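Here the structure is laid out as structure tokens; the discussion comes afterwards.
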Amino acid sequence: MSLPTIDLRSDTVTRPTPAMLEAMFQAQVGDDVYGEDPTVRALEEQAAARFGLEAGLFCPSGTMTNQIAIKAHTEPLSEVICEQTAHVYLWEVGGIAFHSGASVALLPGDRGRLTAAQVEAAIRPLDNVHYPDTRLICLENTHNRGGGSCYAMDEIAAIADVAQRHKLALHLDGARIFNALVATGQRAEDYGKYFDSISVCLSKGLGTPVGSVLLGSKSFIHKCRRIRKAMGGGMRQAGFLAAAGLYALEHHVDRLADDHRRARQLGEALAAQPYVEFVLPPDTNLVIFKLKPEMPADTFFQHLEQQGIRASSFGPQMIRFVTHLDVDDAMVQRVVEALTDVAVSLPG
């Protein structure tokens, strides 16, 4: 009998647990475009309350919540400041240009993290007609390309101070924000003190099948609801999906610590292999590493596939593993054994 596939490509590949499915089947629903779905409303209210913000907006994806927020905070001929490998810039299909007609100021970060000094230096002077107007700062926490790196709260506070002094909006791409909260011990409600808007993804570490929630003030979310409708994101009896989000908020947050522990185990195993050049510190559930030239990535992927293991390419010789609720301790041990088997088969 073949062993089950171990899918480390992303935490988006998870499937609803039986208990989550039961919660979805039992959901009370209505037409959300009319504001009549009680389960959607409950999810939006609970998510907003957790982060100390007034209101929420349930959307199909994190890309949509990010792009709605950027559209609401900017206008054509304005500019967004973000890190050069930010998801909102790199992996959202040029959405900032397409939806908002805005420019982007890209800054090099430390594993994706910016400093307040960097951000302040990138703000455009208002009296120069050659420049776009800086309107928005976007941070990403955890940072995907940074290997799940987390911001310290004091740096967030310093960047928020820059935003407030220059009258700029501050948005958080919090696709894996709960991973950051569990890893650092930070409080969710503190984020609402600093950010004007937060995108919270439910379909990654929290394991729901679909959905993200955009959080902000009541007036901001009212504006964003119209933008969501224009983007085709108005869903009808969406409470079946929102019920999964409510279940995840109640049952799947604390267990993220298990994903982090398993990621560290994989990181330690990789660091011990002679064919691995380096491993980024696995602060949360992402493990990004680079293979040495003598181990071609195609060969490495082929070996993993033969062992029933799937992973993602993250650039030339760069690989990403992601732990999640469908990866248990026995699976991690299988991966560690497969990594060691590759080393044994190397020539010399």
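Quick caveat: nothing in here was measured; it's all calculated off a predicted structure.
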Table please: side-chain donor-acceptor pairs of residues 313-324 below 3.5 Å, with sequence neighbours left out.
{"unit_1": "Gln317", "atom_1": "OE1", "unit_2": "Ala297", "atom_2": "N", "d": "3.0"}
{"unit_1": "Gln317", "atom_1": "NE2", "unit_2": "Leu291", "atom_2": "O", "d": "3.3"}
{"unit_1": "Gln317", "atom_1": "NE2", "unit_2": "Lys292", "atom_2": "O", "d": "3.0"}
{"unit_1": "Gln317", "atom_1": "NE2", "unit_2": "Met295", "atom_2": "O", "d": "2.9"}
{"unit_1": "Arg320", "atom_1": "NH1", "unit_2": "Asn144", "atom_2": "OD1", "d": "2.9"}
{"unit_1": "Arg320", "atom_1": "NH2", "unit_2": "Arg9", "atom_2": "O", "d": "2.8"}
{"unit_1": "Thr323", "atom_1": "OG1", "unit_2": "Asp259", "atom_2": "O", "d": "2.8"}
{"unit_1": "Thr323", "atom_1": "OG1", "unit_2": "Asn285", "atom_2": "O", "d": "3.4"}
{"unit_1": "His324", "atom_1": "ND1", "unit_2": "Asp326", "atom_2": "N", "d": "3.1"}
{"unit_1": "His324", "atom_1": "NE2", "unit_2": "Asp7", "atom_2": "O", "d": "2.7"}

Original post:
Any side-chain heavy atom of Pro296 sitting closer than 4.5 Å to one from Gln302?
Top reply: no

Original post:
Would the number of heavy atoms belonging to other residues, nucleotides or ligands and lying under 6.0 Å from CZ of Arg165 be above 12?
Top reply: yes

Original post:
Would a 4.5 Å heavy-atom cut-off, applied to side chains only, mark Leu256 and Leu325 as touching?
Top reply: no

**OP:** Quick one: closest heavy-atom pair of Thr5 and Met331, and the distance?
**Re:** O-CE, 4.4 Å

**OP:** Using the rule that two of Ile, Leu, Val, Met, Phe, Trp, Tyr join whenever any of their side-chain heavy atoms come within less than 4.5 Å, decide whether Leu215 and Leu241 are in one cluster.
**Re:** yes

Original post:
Roughly how far, to the nearest 0.5 Å, is the OG1 atom of Thr208 from the CG atom of Leu202?
Top reply: 5.0 Å

Original post:
Salt bridge check: are Arg41 and Asp37 linked by an N-O gap of less than 4.0 Å?
Top reply: no

**OP:** Could you tell me whether the side chain of His303 and the main chain of Ala338 form a donor-acceptor pair under 3.5 Å?
**Re:** yes

Original post:
So, for Phe178 and Val200, which heavy atoms are closest and what is the spacing to 0.1 Å?
Top reply: CE1-CG1, 3.5 Å

Original post:
So which of His143, Arg264, Arg111 actually passes side-chain hydrogen bond (donor to acceptor under 3.5 Å, both in side chains) with Asp283?
Top reply: Arg111

Original post:
Does Ser212 reach the main-chain N or O of Gly62 with its side chain, forming a donor-acceptor pair under 3.5 Å?
Top reply: yes

**OP:** State, with a plain yes or no, whether a side-chain heavy atom of Gln273 is found less than 4.5 Å away from one of Thr340.
**Re:** yes

**OP:** Give a yes or no on whether Arg261 atom CZ has more than 12 heavy-atom contacts from other residues, nucleotides or ligands under 6.0 Å away.
**Re:** yes

**OP:** Could you pull out the closest heavy-atom pair between Val182 and Val253, with the gap in Å?
**Re:** CG2-O, 3.5 Å

Subject >> Where Leu249 and Gln46 come nearest, the two heavy atoms and their spacing >> reply: CB-OE1, 3.7 Å

**OP:** Might you confirm whether atom CD of Glu277 has over 12 heavy atoms from other residues, nucleotides or ligands at distances under 6.0 Å?
**Re:** yes

**OP:** Take atom OH of Tyr131 as the centre, draw a 6.0 Å sphere, and report whether it contains more than 12 heavy atoms from other residues, nucleotides or ligands.
**Re:** no

Original post:
Side chains of Leu266 and Val336: does their closest heavy-atom pair fall under 4.5 Å?
Top reply: yes

**OP:** Nearest 0.5 Å please: distance from the CD atom of Gln67 over to the OG atom of Ser100.
**Re:** 6.0 Å

Original post:
Do Asp110 and Arg113 meet the salt-bridge criterion of a basic N to acidic O distance under 4.0 Å?
Top reply: yes

Subject >> Atom OH of Tyr151: over 12 foreign heavy atoms under 6.0 Å >> reply: yes

**OP:** Would you please say whether a donor-acceptor pair under 3.5 Å links the side chains of Gln186 and Tyr191?
**Re:** yes

Original post:
Above 12 or not: heavy atoms from other molecules or residues under 6.0 Å from CG of Asn128?
Top reply: yes

Original post:
Between Ile123 and Val162, does a side chain to side chain contact (heavy atoms under 4.5 Å, CB included) hold up when you go through it step by step?
Top reply: CA-CA 10 Å; Ile123 297 171; Val162 170; 3.8 Å; yes

Original post:
So, Glu36 side chain and Gly30 main chain: donor-acceptor pair closer than 3.5 Å or not?
Top reply: no

**OP:** Could you check Asp196 against Phe220 for side chain to side chain contact (heavy atoms under 4.5 Å, CB included), going step by step and ending with a plain yes or no?
**Re:** CA-CA 9 Å; Asp196 297 288; Phe220 176 80; over 6 Å; no

**OP:** In sequence, state the C-alpha distance, the side-chain angles, and the governing distance for Arg176 and Asp11, and then conclude on side chain to side chain contact (heavy atoms under 4.5 Å, CB included).
**Re:** CA-CA 10 Å; Arg176 295 182 175 89; Asp11 41 10; 2.8 Å; yes

**OP:** Please examine the side chains of His87 and Thr63, heavy atoms only from C-beta on, and report whether any two atoms are closer than 4.5 Å.
**Re:** yes

**OP:** For the pair Arg145 and Glu83, find out whether any cationic side-chain nitrogen is under 4.0 Å from an anionic carboxylate oxygen.
**Re:** no

**OP:** Evaluate the side chain to side chain contact (heavy atoms under 4.5 Å, CB included) criterion for residues Phe51 and Phe195: first the C-alpha distance (whole Å), next the side-chain angles of each, then the deciding distance (0.1 Å), finally the verdict.
**Re:** CA-CA 10 Å; Phe51 285 87; Phe195 289 94; over 6 Å; no

Original post:
Given Arg135, which of Glu75, Glu79, His166 fulfils the side-chain hydrogen bond (donor to acceptor under 3.5 Å, both in side chains) condition?
Top reply: Glu75

Original post:
Does the Gln118 side chain pair with the main chain of Leu107, one donor and one acceptor, at a distance under 3.5 Å?
Top reply: no

Original post:
Would you find a donor on one side and an acceptor on the other, under 3.5 Å apart, between the side chain of Glu140 and the backbone of Asp173?
Top reply: no

Original post:
Ile288 versus Phe278: any side-chain heavy-atom pair under 4.5 Å?
Top reply: no

**OP:** Measure across Ala183 and Cys150 and return the closest heavy-atom pair with its distance rounded to 0.1 Å.
**Re:** CB-SG, 4.4 Å

Original post:
Going hydrophobic residue to hydrophobic residue with side-chain gaps under 4.5 angstrom, can you get from Val88 over to Leu136?
Top reply: yes

**OP:** Check whether any side-chain heavy atom of Leu172 sits under 4.5 Å from a side-chain heavy atom of Ser197, and report yes or no.
**Re:** no

**OP:** For Gln28 and Thr39, indicate whether the former's side chain and the latter's backbone hold a donor-acceptor pair under 3.5 Å.
**Re:** no

Original post:
Does the pair Asp258 and Arg255 meet the rule for a salt bridge (charged side-chain N to carboxylate O under 4.0 Å, His left out), with working shown?
Top reply: CA-CA 6 Å; Asp258 292 330; Arg255 64 148 306 281; 5.1 Å; no

Subject >> NZ/NE/NH1/NH2 to OD/OE distance under 4.0 Å, Arg262 and Asp329 >> reply: yes

Original post:
Under 3.5 Å, side chain of Thr65 to main-chain N/O of Ser199, donor-acceptor pair present?
Top reply: no

**OP:** Would you name the heavy atoms of Leu170 and Tyr194 that are closest together and state the gap between them?
**Re:** CD2-O, 3.4 Å

Original post:
Are any of the side-chain heavy atoms of Met153 and Lys193 separated by less than 4.5 Å?
Top reply: no

